[in-house]
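The structure under discussion appears below in the form of structure tokens.
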Amino acid sequence: MRFRIVSDSSSNVLSIGDANYTTVPLKIITEHEYVDDANLDLDAMMEDLRHHKKKSGSSCPNVGEWLDAFGDADQVFCVTISKHLSGSYGASVQAAETYMAEHPGRKVYCLDSLAVGPQMMMLVDKIRQCDADGDDFETTKARVLEYQNQLHTLFCLESMLNLARNGRVNMAVAKLAGMLGIRVAGIARGGQVTPVHKPRGAKKATQTLVEMIQERGFRDGNLLRVAHCYAQEAADALCEAVRAVFPNARIVLEHTTALCSFYAEAGGLIIGFEGEFNEGNDNRLF
């Protein structure tokens with residue numbers, strides 16, 4: 001690979017075989033600091049959070065961590081969690097400016113995914129595809145931005161308390177989740193968490209998600225990635241329901257790592273997929 005690809009760890013995928021891809025870790029802060037990397041004991045972190053009653057939060061990678069991840073690459077692509085959810089994008093931009101100033105002629109492009117989790121990996125894979133196709137840096141940048149225009153992120157959560165406590169959603173909305181079996185289904189609109197529906201029960205939640213996927217232009221043969229936080233049954237039910245409508249859908253199922261687990265909480269799903277032009281995409285080209 002000619003391109004070095006770096007994402008922050010909210011992508012949920014920390015390594016890809018022998019690909020020139022790496023992640024910089026976000027951190028979850030309680031009385032302990034949990035680093036979102038391959039050494040994390042996710043079960044222990046979630047158990048700690050289940051009993052934790054005091055303030056908790058997350059912190060983004062710093063400039064130095066991004067710089068270390070660039071290594072000595074001539075061409076670097078960074079993919080970050082939405083800048084509306086974290087300072088990761090801002091830190092990556094500062095690192096890129098420093099790196100290019102210290103190494104004239106080298107290139108770094110930082111892409112705000114305007115999402116989290118699965119959609120980030122779809123962008124990473126698009127960069128890898130462009131690299132395999134032999135595209136140059138600027139052509140890759142243009143193709144990835146155009147591809148981003150067709151991507152969508154949905155979520156379905158049983159609890160939104162950590163999102164609310166950290167100012168990501170309104171506390172009144174968060175209190176609905178988990179009450180009498182009510183879940184909150186929503187979208188990433190302009191890079192922000194936006195609740196849309198409040199389905200009651202697992203079956204209704206699955207039906208609602210399939211309808212939301214259809215409404216956004218998913219077609220048979222398109223790619224859909226599902227990240228779940230200790231919600232294998234719900235994830236399997238969604239995949240089965242999608243395949244019932246779109247038998248040739250390409251589906252990837254994965255577990256959340258620390259950052260996404262912290263915000264999605266147990267029982268949560270984050271879904272990224274290819275669809276029609278995304279009107280809520282702040283990076284759109286047209």
Side-chain angles (χ1 to χ4, degrees), residues 9-14 26 28 34 36 40-52 56 58 81 85 115-122 152-166 168-169 173-188 193-214 218 223-246 249-273:
S9 61
S10 63
S11 64
N12 292 319
V13 178
L14 305 182
L26 291 106
I28 306 303
Y34 294 97
D36 196 0
L40 173 74
D41 185 337
L42 184 61
D43 290 344
M45 185 194 87
M46 295 299 286
E47 181 66 13
D48 177 20
L49 287 169
R50 192 167 70 89
H51 298 288
H52 188 73
S56 60
S58 60
I81 185 175
L85 299 176
V116 65
Q119 184 170 317
M120 293 174 63
M121 284 311 301
M122 295 170 77
H152 301 258
T153 288
L154 306 180
F155 60 85
C156 187
L157 307 179
E158 293 185 4
S159 172
M160 301 180 76
L161 289 179
N162 285 337
L163 282 166
R165 288 167 179 162
N166 287 273
R168 271 56 174 185
V169 296
V173 173
K175 287 181 178 178
L176 285 172
M179 293 175 58
L180 301 176
I182 293 175
R183 292 157 170 80
V184 174
I187 62 176
V193 175
T194 306
V196 177
H197 299 290
K198 298 183 284 293
R200 179 172 300 202
K203 182 179 287 189
K204 182 61 176 177
T206 298
Q207 178 186 338
T208 298
L209 289 171
V210 173
E211 291 171 355
M212 293 173 74
I213 289 167
Q214 290 177 288
F218 190 83
L223 174 63
L224 179 141
R225 294 185 73 114
V226 181
H228 72 90
C229 181
Y230 297 93
Q232 185 73 52
E233 186 175 344
D236 288 342
L238 175 60
C239 294
E240 182 179 343
V242 169
R243 284 200 174 99
V245 182
F246 303 104
R250 294 174 291 131
I251 299 177
V252 178
L253 183 61
E254 59 211 14
H255 201 288
T256 53
T257 55
L259 190 284
C260 287
S261 296
F262 177 67
Y263 284 116
E265 302 187 57
L269 301 177
I270 307 173
I271 304 108
F273 61 95

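Just so it is clear, the values below take in all heavy atoms, side chains as well, and ignore hydrogens, waters and symmetry mates.
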task: Run the numbers on F155 and V116 for side chain to side chain contact (heavy atoms under 4.5 Å, CB included), then give the verdict.
output: CA-CA 10 Å; F155 60 85; V116 65; over 6 Å; no
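Below 30°, between 30° and 60°, or above 60°: for H152 and F273 the angle between ring planes is below 30°, a parallel geometry.
A salt bridge is absent between R243 and E240; no separation between the charged side-chain nitrogens and carboxylate oxygens falls under 4.0 Å.
Counting only heavy atoms from C-beta outward, the side chains of E265 and Y230 never approach each other to under 4.5 Å. Looking only at side-chain heavy atoms (C-beta outward), F262 and T256 stay at 4.5 Å or farther from each other. Taking 4.5 Å as the limit, some side-chain heavy atom of I271 sits within range of a side-chain heavy atom of L224. Considering only heavy atoms from C-beta on, E47 stays 4.5 Å or farther from D43 through its side chain. With a 4.5 Å cut-off on side-chain heavy atoms, Q232 and L253 count as touching. Side-chain contact between I213 and V242 is present, with at least one heavy-atom pair separated by less than 4.5 Å. Using a 4.5 Å cut-off on side-chain heavy atoms (C-beta onward), L209 and L269 make contact. Looking only at side-chain heavy atoms (C-beta outward), E211 and Q207 come within less than 4.5 Å of each other.
The backbone N or O of L26 sits less than 3.5 Å from a side-chain atom of S9, completing a donor-acceptor pair.
Nearest heavy-atom pair across N12 and P118 is ND2-CD, 4.3 Å. Counting all heavy atoms, side chain and backbone alike, H228 lies closest to A231 at ND1-N, 3.0 Å. Looking at every heavy atom in both residues, A258 comes nearest to L42 through CA-CD1, 4.0 Å. Considering every non-hydrogen atom in both M212 and A185, the closest pair reads SD-CB, 4.1 Å. Taking every heavy atom of both residues into account, L259 and D36 meet most closely at N-OD2, 3.1 Å. Minimum heavy-atom separation, G201 to R183: C-NH1, 3.4 Å.
The number of heavy-atom neighbours closer than 6.0 Å to CD of E233, taken from other residues, nucleotides and ligands shown, is 12 or below.
Rounding to the nearest 0.5 Å gives a distance of 9.0 Å between CD1 of I28 and CG of L40. To the nearest 0.5 Å, atoms CG (D48) and OH (Y34) are separated by 3.5 Å. Note that the NE2 atom of H197 and the CD1 atom of I187 stand 8.5 Å from one another [nearest 0.5 Å]. In this structure, OG1 on T153 lies 3.5 Å from CD on Q119, to the nearest 0.5 angstrom.
Under 3.5 Å, the side chains of S58 and Y263 contain a donor-acceptor pair of N or O atoms.
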